[in-house]
Amino acid sequence: MLDKNGIAKRIAKEVQDGYYVNLGIGIPTLVANFVRDDIEVEFQSENGVLGMGPFPFEGEEDADIINAGKQTITTLAGASFFDSATSFSMIRGQHVDLTILGAMEVAENGDIANWKIPGKMVKGMGGAMDLVASAENIIVAMMHTNKRGESKLLTACSLPLTGVGCVKKIVTNLAVMDVKDGAFHLLERAPGVTVEEIVAATAGTLIAEGEIPEMKL
Amino acid sequence: MLDKNGIAKRIAKEVQDGYYVNLGIGIPTLVANFVRDDIEVEFQSENGVLGMGPFPFEGEEDADIINAGKQTITTLAGASFFDSATSFSMIRGQHVDLTILGAMEVAENGDIANWKIPGKMVKGMGGAMDLVASAENIIVAMMHTNKRGESKLLTACSLPLTGVGCVKKIVTNLAVMDVKDGAFHLLERAPGVTVEEIVAATAGTLIAEGEIPEMKL
Amino acid sequence: MINKKVNNVQDALQGVESNMTFMLGGFGLCGIPENAISELVRLGVNNVTCISNNAGVDDFGLGLLLQHKQIKKMISSYVGENDEFERQMLSGELEVELTPQGTLAEKCKAAQAGFPAFYTPAGYGTEIAEGKETRDFNGKMYVLEHAYKADFAFVKAWKGDEAGNLVFKGTARNFNPCMCGAATITVAEVEELVSVGELDPNHIHVPGIFVQRIFRGEQYEKRIEQKTVRQRG
Amino acid sequence: MINKKVNNVQDALQGVESNMTFMLGGFGLCGIPENAISELVRLGVNNVTCISNNAGVDDFGLGLLLQHKQIKKMISSYVGENDEFERQMLSGELEVELTPQGTLAEKCKAAQAGFPAFYTPAGYGTEIAEGKETRDFNGKMYVLEHAYKADFAFVKAWKGDEAGNLVFKGTARNFNPCMCGAATITVAEVEELVSVGELDPNHIHVPGIFVQRIFRGEQYEKRIEQKTVRQRG
């Protein structure tokens with residue numbers, strides 16, 4: 001079973017040379033730490049920066065330079081700042097190659113819910129609705145089950161949707177899955193996790209054909 | 001009767017303190033020469049400059065700094081350069097206070113034609129269609145009649161339109177007129193020109209009520 | 001040069017009244033018009049609608065207006081990080097309209113640019129699209145979203161000149177340029193107000209035509225919401 | 001940093017073929033991609049559609065492609081200043097689609113920004129609106145215009161870096177930024193190609209994400225169309 005860093009590490013393998021990548025808040029943010037350093041990648045943050053670098057050293061943080069999670073950041077050579085409309089032109093115009101974000105629920109048809117629990121929590125969708133409606137390549141990073149042990153991979157989402165039929169791949173603490181043809185397709189098991197455990201933790205249709213390899217990190 | 005500079009001089013009196021002004025090619029360009037220097041005005045050119053100044057001195061022209069008429073220009077302190085989309089945001093968003101442009105024909109309902117003579121000449125509308133469709137304050141600068149002596153102030157335009165019901169004021173070599181309620185309303189006569197001469201040169205409905213003063217330049 | 005300079009925040013906010021709609025720049029607490037917000041608190045205008053990506057934190061940014069119950073309605077994309085907000089929303093004291101972030105930016109931009117409405121894919125198939133026109137273009141579905149209308153836009157830039165030209169620093173730019181010219185009156189506050197001619201005309205982020213009033217803000221706290229650092233190797 | 005640098009105009013135009021649609025930046029002869037145009041002439045591709053505000057003059061700019069009869073269709077807002085153009089248009093050799101200048105800019109911008117279409121007041125009630133959807137918003141009429149699609153966009157900037165970031169000078173900016181990222185492949189040519197880190201990240205007009213290839217143009221004539229000067233007092 002993977003921890004959050006493990007999920008981030010596995011997702012980092014999906015990041016290819018020449019990719020512009022948007023990382024959501026939470027586990028996705030950790031992905032930047034694990035991307036191979038022999039490939040060229042640029043990170044975009046929807047509040048208006050391309051070419052994000054690591055967090056600043058203590059005392060070097062600048063209130064005017066943050067990411068979408070409101071964290072202080074640095075920029076790398078070749079970076080640029082721009083306004084919010086331009087930022088979403090990059091996203092809506094499909095210039096960002098890969099979007100990695102968290103979710104509360106994903107359905108077997110690719111629907112995703114991650115912004116609202118009616119009556120309980122409404123933080124808002126931020127840029128997530130724009131991202132999932134536009135991105136051609138979306139990976140969801142999340143725990144396979146919620147805090148109550150219930151599957152987050154469902155036949156249909158029960159929470160208000162963020163986007164419809166948009167999720168292509170999911171990496172959880174238990175597995176890597178493609179989402180296509182109305183089902184979750186098991187590709188890899190997390191270290192030490194059996195196919196049976198994944199099946200048991202998945203409420204939606206899960207297809208596991210042939211030998212399912214353990215993921216390499 | 002006015003010459004081109006006279007028309008420009010009369011129109012310059014319509015330019016008020018604090019106005020952003022877009023000047024079309026031809027007579028309108030001359031208006032800049034006659035604006036009072038005790039008021040604050042900024043000239044916008046739709047190819048991407050705000051704060052245009054006079055033409056450069058010989059040897060100081062810069063191929064990268066031109067106006068919409070492709071003429072070399074200079075800029076004043078406080079000027080800015082921007083792209084074409086931003087430029088038309090200023091125009092479409094009604095941030096430009098006054099638009100002065102030429103015309104081949106104007107109709108008594110405010111229609112204007114100035115971009116095409118079917119079978120003869122098609123230079124294109126350039127930014128004129130955007131300007132006339134958006135501007136709240138449009139003054140047409142033109143000769144009262146064409147080269148064949150025919151009136152350019154008509155009941156209805158015969159040439160393909162540039163915009164509908166948009167012209168508010170016309171200054172010609174003969175007169176100043178408001179365009180409202182489906183008619184040309186005579187406001188001022190050019191020096192030495194009689195009301196009768198203006199009536200004779202106007203094909204559309206011309207209303208001349210009371211004493212029509214001679215214009216002051 | 002058309003001079004947009006006013007002497008202080010009081011002059012800059014002349015005409016502000018209760019029941020108005022305001023746009024406020026900033027992302028989180030980054031690039032917010034701190035001085036205009038303080039003055040709105042001091043003026044005590046209430047029943048106002050605020051269009052702003054976020055709602056500040058409990059004791060800073062728009063959180064100050066929430067604290068004083070001056071806001072009738074918030075239009076934002078993300079409103080976490082604010083307990084008082086959550087309390088007012090759940091109790092029904094505060095009306096909230098959540099809008100996808102890119103849509104929010106573009107609804108301001110549309111108002112600035114004279115576009116009445118636009119089609120965006122964001123929110124299609126979600127409750128955000130309920131009651132809105134949707135349409136297929138080239139096999140993909142889009143939602144029709146309308147331009148915002150506001151009485152005042154309050155933005156914050158790094159530098160500005162008397163002609164109203166603005167320059168931003170880092171990610172403090174965010175929504176600020178999109179809101180300039182999107183309201184009847186745009187008020188820009190800057191850290192440094194320079195004379196015309198000092199800013200490079202090639203590097204002006206917002207031309208002065210989109211700004212009606214400009215002033216130098218008295219002080220900026222520029223609070224950091226999530227200070228995150230790494231250890232020195 | 002994702003490196004977009006290619007060594008020369010030949011590498012930059014790899015994949016260019018006859019029958020394609022191109023966008024070309026520039027206003028008149030100001031800010032046109034001179035080197036890309038020369039290479040298009042050399043490659044001899046024909047039957048192409050060109051989206052560009054103007055069509056150059058008889059012996060320079062896009063006029064060169066017209067001279068060699070490589071253009072099937074021009075999409076522009078203004079095509080005066082070119083006799084060969086007029087001859088080909090009147091004889092029916094050349095297809096011409098005239099589009100209001102602001103609409104042309106925005107059709108490029110829409111392609112860049114992922115908007116399928118937009119409503120603009122320009123051209124309402126004229127032959128430009130014939131056959132197009134029109135619509136009333138708040139008592140004013142608008143025309144629905146669709147985003148352009150192009151195979152290549154050729155733009156010219158003043159400076160650029162290896163990451164594809166672009167900076168423009170004066171009014172040579174014009175349509176160039178609107179076209180970046182509006183085609184499958186955007187090729188930027190620059191007068192000066194600098195290393196990453198040399199351009200101020202606050203003052204980049206076009207972020208590199210909108211550019212696929214960048215090269216330093218061998219030479220620029222930068223011809224002036226209407227040299228206009230005043231006398232020294």
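Every chain is numbered from 1 and lettered A, B, ... according to where its sequence line falls, protein lines coming before strand lines.
Counting only distance, with no hydrogens or angles, the side chain of A:T72 and the backbone of C:T228 share a donor-acceptor pair below 3.5 Å. Under a 3.5 Å cut-off, the side chain of C:T171 and the backbone N or O of A:I66 do form a donor-acceptor pair.
Ion pairing of A:D64 with C:R173 is absent here, as no side-chain N (NZ or NE/NH1/NH2) approaches a carboxylate O to less than 4.0 Å.
The two residues C:K109 and A:A85 make their nearest non-hydrogen contact at CD-CB, 3.6 Å. Contact record, A:A133 with C:G123: CB-N, 4.5 Å, taken as the closest heavy-atom pair. Closest heavy-atom contact between A:D83 and C:P177: CB-CG, 3.7 Å. Counting all heavy atoms, side chain and backbone alike, A:D130 lies closest to C:P100 at OD1-CB, 3.3 Å.
A:K123 places a side-chain heavy atom less than 4.5 Å from the side chain of C:Y78. Proximity of C:Q101 to A:F88: side-chain heavy atoms (C-beta onward) are separated by under 4.5 Å at one or more points. At a threshold of 4.5 Å between non-hydrogen side-chain atoms, the residues C:K227 and A:E58 count as touching.
The most heavy-atom pairs under 4.5 Å with chain C, out of A:N47, A:V164, A:L161, A:I65, come from A:N47. In terms of heavy-atom pairs under 4.5 Å with chain C, the best-connected choice from A:S134, A:G126, A:G124, A:A63 is A:G126. Among A:K70, A:M129, A:E61, the residue making the largest number of heavy-atom pairs under 4.5 Å with chain C is A:K70. When the candidates A:S89, A:P56, A:G48 are compared by the number of heavy-atom contacts under 4.5 Å with chain C, A:P56 comes out ahead. Contact tally against chain C (heavy-atom pairs below 4.5 Å) for A:V49, A:D62, A:I91: the top residue is A:D62.
If you measure heavy-atom distances from C:Q231 to chain A, the contacts under 4.5 Å come from the backbone alone. Contact annotation for A:V132: neither backbone nor side-chain heavy atoms come within less than 4.5 Å of a heavy atom of chain C. Within the 4.5 angstrom heavy-atom criterion, no atom of A:S80 approaches chain C. With a threshold of 4.5 angstrom between heavy atoms, A:E60 approaches chain C through side-chain atoms but not through N, CA, C or O. With a 4.5 angstrom heavy-atom cutoff, A:A113 does not touch chain C via any of its atoms. With a threshold of 4.5 angstrom between heavy atoms, C:N82 does not approach chain A through any atom at all. Heavy atoms of C:L29 lying under 4.5 Å from chain A are absent altogether. For C:M141, no part lies near chain A; criterion is any non-hydrogen pair under 4.5 Å. Residue contact with chain C, scored on non-hydrogen atoms closer than 4.5 Å, is absent for A:D111.
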(message) Would A:W115 and C:E127 count as a side chain to side chain contact (heavy atoms under 4.5 Å, CB included) here? Give the steps.
(response) CA-CA 11 Å; A:W115 71 286; C:E127 63 180 53; 3.5 Å; yes
(request) Evaluate side chain to side chain contact (heavy atoms under 4.5 Å, CB included) for A:V122 paired with C:V79, printing each intermediate quantity in order. (result) CA-CA 8 Å; A:V122 192; C:V79 291; 5.6 Å; no
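A:F57 carries C:R230 over the face of its six-membered ring, with the cationic atom under 6.0 Å from the centre and within 45° of the normal. Geometric assessment of C:K169 against the ring of A:F81 yields a negative cation-pi assignment under the 6.0 Å and 45° thresholds.
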